[in-house]
2 protein chains.
Amino acid sequence: MDQVEIFKALSNKTRLQILNWLKDPALNFPEQPNADFENVGVCVGQIQIKAGLSQSTISEYLAILQRADLVSATRVGQWTYYKRNQEGIAQLSKIINSEL
Amino acid sequence: MDQVEIFKALSNKTRLQILNWLKDPALNFPEQPNADFENVGVCVGQIQIKAGLSQSTISEYLAILQRADLVSATRVGQWTYYKRNQEGIAQLSKIINSEL
DNA sequence: AATATATATCGGCTTTTCCCGATATACCAA
DNA sequence: TTGGTATATCGGGAAAAGCCGATATATATT
C-alpha cells in the first residue's frame with residue numbers, strides 16, 4: 001500500500017472520526033442491533049447515522065479506509081461490519097517512526 | 001494544528017520525498033553552496049532542482065509542510081533554508097499512537 | 001416469485017488540490 | 001540607484017476529492 005494513499009485516507013475529518021469511534025464500539029454505537037462488536041465490528045448503517053452523511057458517502061469512505069488497511073470488513077447476511085485493522089494501524093505507526 | 005491538515009500535508013509524493021531528503025542533507029544535496037546543513041537546513045533552490053518541479057510549486061509545498069509543523073524555515077540573506085522540525089514530527093508520532 | 005432491507009456502485013455537481021507561468025518582494029552587489 | 005538572484009505570492013487550467021441522489025446488487029422473508 002502506497003504511503004500517500006494511507007495519508008489521503010486520513011485527510012478527512014469524518015474518516016478520522018470513524019476510526020476513533022471504532023475504538024470503542026459499545027460506547028459509540030449503543031443502538032447496534034445484535035451487537036457482536038468484538039468479533040465483527042459495526043455495521044455501515046450505524047456509522048452512517050452517527051456521521052450524518054449520506055449512505056453512499058459513508059460506504060465510499062469505509063472502502064477508502066479499507067484500501068488503506070486501516071479497517072477490515074466482514075459480511076454477515078445483509079450487513080457489512082467494519083472494525084479497526086490494528087495490524088495496518090500499527091504498520092502506519094512504524095512508517096511514521098522509521099520512514100517519514 | 002488540525003490533524004487533518006497534517007495528514008493533507010503528507011498526502012503528496014513530492015512532499016514526502018522532501019521530508020525524507022531532509023533527513024540526510026549532506027547525502028541528498030551535495031551541491032548546496034555554503035553548506036551549513038546542521039544549523040539551518042537546505043535552501044529552496046536545491047530542493048527545487050532535486051524535486052524537478054517549478055520554483056513556485058516547491059515554495060508552496062514547503063509552506064504547506066511548515067504550516068503542519070513538519071519543517072521549519074530560517075532566512076539567511078536572500079536564501080531561505082528549510083529543515084525538519086523534529087518536535088512536530090515527534091508530536092505526529094504521538095498522535096498516531098494515542099489519538100488515531 | 002415478490003417484497004423489503006443493507007450495502008455498493010454510478011453519474012454528476014461543487015470544492016479542493018496539483019502544478020504551472022507571471023509577477024511581486026526581499027536582499028545583495030556594483 | 002540599477003541590476004541580479006532567491007523566494008513568495010497570484011491567477012488559472014486540469015485533475016482529484018467531497019458528497020449527493022439514483023440505481024444496482026446481495027441477502028432475507030413471505
Side-chain angles (χ1 to χ4, degrees), chain A residues 2-19 22 25 29 31-36 40-68 70-83, chain B residues 2-19 22 25 29 31-36 40-68 70-83:
Chain A
D2 185 11
Q3 282 181 223
V4 172
E5 291 307 310
I6 297 173
F7 290 125
K8 276 187 185 172
L10 296 170
S11 296
N12 177 280
K13 194 180 177 210
T14 302
R15 290 196 294 267
L16 286 179
Q17 286 179 319
I18 291 171
L19 277 178
L22 292 178
F29 301 95
E31 301 299 318
Q32 167 110 346
N34 297 330
D36 187 8
V40 289
V42 180
C43 69
V44 179
Q46 291 300 309
I47 298 171
Q48 189 247 311
I49 291 167
K50 179 111 181 164
L53 294 180
S54 75
Q55 187 272 320
S56 55
T57 297
I58 297 304
S59 179
E60 172 72 11
Y61 281 9
L62 289 166
I64 289 169
L65 289 171
Q66 188 180 15
R67 265 180 258 127
L70 296 169
V71 303
S72 61
T74 312
R75 180 117 207 187
V76 178
Q78 43 194 333
W79 293 274
T80 307
Y81 296 91
Y82 284 89
K83 65 174 179 179
Chain B
D2 185 10
Q3 282 182 224
V4 173
E5 291 306 312
I6 296 174
F7 290 126
K8 278 186 185 172
L10 296 170
S11 296
N12 177 279
K13 193 179 177 213
T14 301
R15 290 194 295 266
L16 287 179
Q17 285 179 320
I18 291 171
L19 277 178
L22 292 178
F29 302 96
E31 300 300 319
Q32 166 108 346
N34 296 329
D36 187 9
V40 291
V42 180
C43 70
V44 180
Q46 291 300 309
I47 298 172
Q48 189 247 310
I49 291 167
K50 179 113 181 162
L53 295 179
S54 75
Q55 186 273 320
S56 55
T57 297
I58 296 305
S59 180
E60 172 71 12
Y61 281 8
L62 289 167
I64 289 170
L65 290 171
Q66 188 178 16
R67 265 181 257 126
L70 296 169
V71 302
S72 61
T74 312
R75 181 116 206 188
V76 178
Q78 42 194 332
W79 292 275
T80 307
Y81 296 91
Y82 284 89
K83 63 175 180 179

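On a predicted model such as this, the values are computed, not experimentally measured, just so you know. Chain A is the first sequence line, chain B the second, and so forth, proteins listed ahead of strands; every chain is numbered from 1.
Looking at heavy-atom distances under 4.0 Å, B:S11 makes contact with sugar-phosphate atoms alone, never a base. B:T80 comes within 4.0 angstrom of sugar-phosphate atoms only, judged by non-hydrogen atoms across all strands, and of no base.
Phosphate contact (OP1/OP2 of D:dA8, side-chain N/O of B:Y82, threshold under 4.0 Å): present. Checking the phosphate oxygens (OP1, OP2) of C:dC19, a side-chain nitrogen or oxygen of B:Y61 falls inside 4.0 Å. For the pair A:N12 and D:dG18, the criterion of a side-chain N or O lying under 4.0 Å from OP1 or OP2 is met.
One can place CD of B:Q66 at 13 Å from C1' of D:dT7, the figure rounded to the nearest angstrom. Distance, A:K13 NZ to D:dA17 C1': 17 Å, rounded to whole Å. Atom CG of A:D2 is separated from atom C1' of D:dA16 by 15 Å (rounded to the nearest Å). As a whole-Å value, the separation of B:Q48 CD from C:dC18 C1' is 16 Å. Computed from coordinates, the A:L53 CG to C:dA8 P distance equals 16 Å when rounded to whole Å. Between the CD atom of B:Q46 and the P atom of D:dT5 there is a distance of 16 Å, rounded to whole Å. Whole-Å rounding puts the A:Y81 OH to C:dA8 C1' distance at 17 Å. Residue B:I64 contributes atom CD1, which lies 10 Å from atom P of C:dC19 at whole-angstrom precision.
Listed by chain and residue number, B:Q66, B:T80, B:Y82 satisfy the side chain to side chain contact (heavy atoms under 4.5 Å, CB included) test with B:A73 (two or more places apart in sequence, or in another chain). Take B:S11 and apply the side-chain hydrogen bond (donor to acceptor under 3.5 Å, both in side chains) test, not counting sequence neighbours, and it matches A:S11. B:Q78 meets the side chain to side chain contact (heavy atoms under 4.5 Å, CB included) test with no other residue; sequence neighbours excluded. Here A:V76 pairs with A:V40, A:T74, A:Y81 under the side chain to side chain contact (heavy atoms under 4.5 Å, CB included) rule; sequence neighbours left out.
Each of A:A73 and A:K8 has a nearest nucleotide on DNA chain C; the 5'-most of these lies closest to A:A73. Between A:E60 and B:S59, the residue whose closest nucleotide on DNA chain D is further toward the 5' end is B:S59.
Within the 3.5 Å criterion, the main-chain N or O of A:Q17 finds no donor-acceptor partner in the side chain of A:R15.
Heavy atoms only, all atoms of each residue included: B:L62 and B:V71 are closest at O-CG2, 3.9 Å.
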In B/S/- notation (B base, S sugar-phosphate only, - none; protein heavy atoms under 4.0 Å), nucleotides 21-30 of chain D written 5' to 3' is BB----BS--
For residues 50-59 of chain B, which side-chain N or O atoms pair as donor and acceptor with protein atoms under 3.5 Å away, sequence neighbours left out?
unit_1: B:K50; atom_1: NZ; unit_2: B:N28; atom_2: O; d: 3.4
unit_1: B:S54; atom_1: OG; unit_2: B:S56; atom_2: OG; d: 3.2
unit_1: B:S54; atom_1: OG; unit_2: B:T57; atom_2: N; d: 3.2
unit_1: B:S54; atom_1: OG; unit_2: B:T57; atom_2: OG1; d: 2.9

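Closest to the side chain of A:R15, out of D:dG18, C:dT7, C:dC20, is D:dG18.
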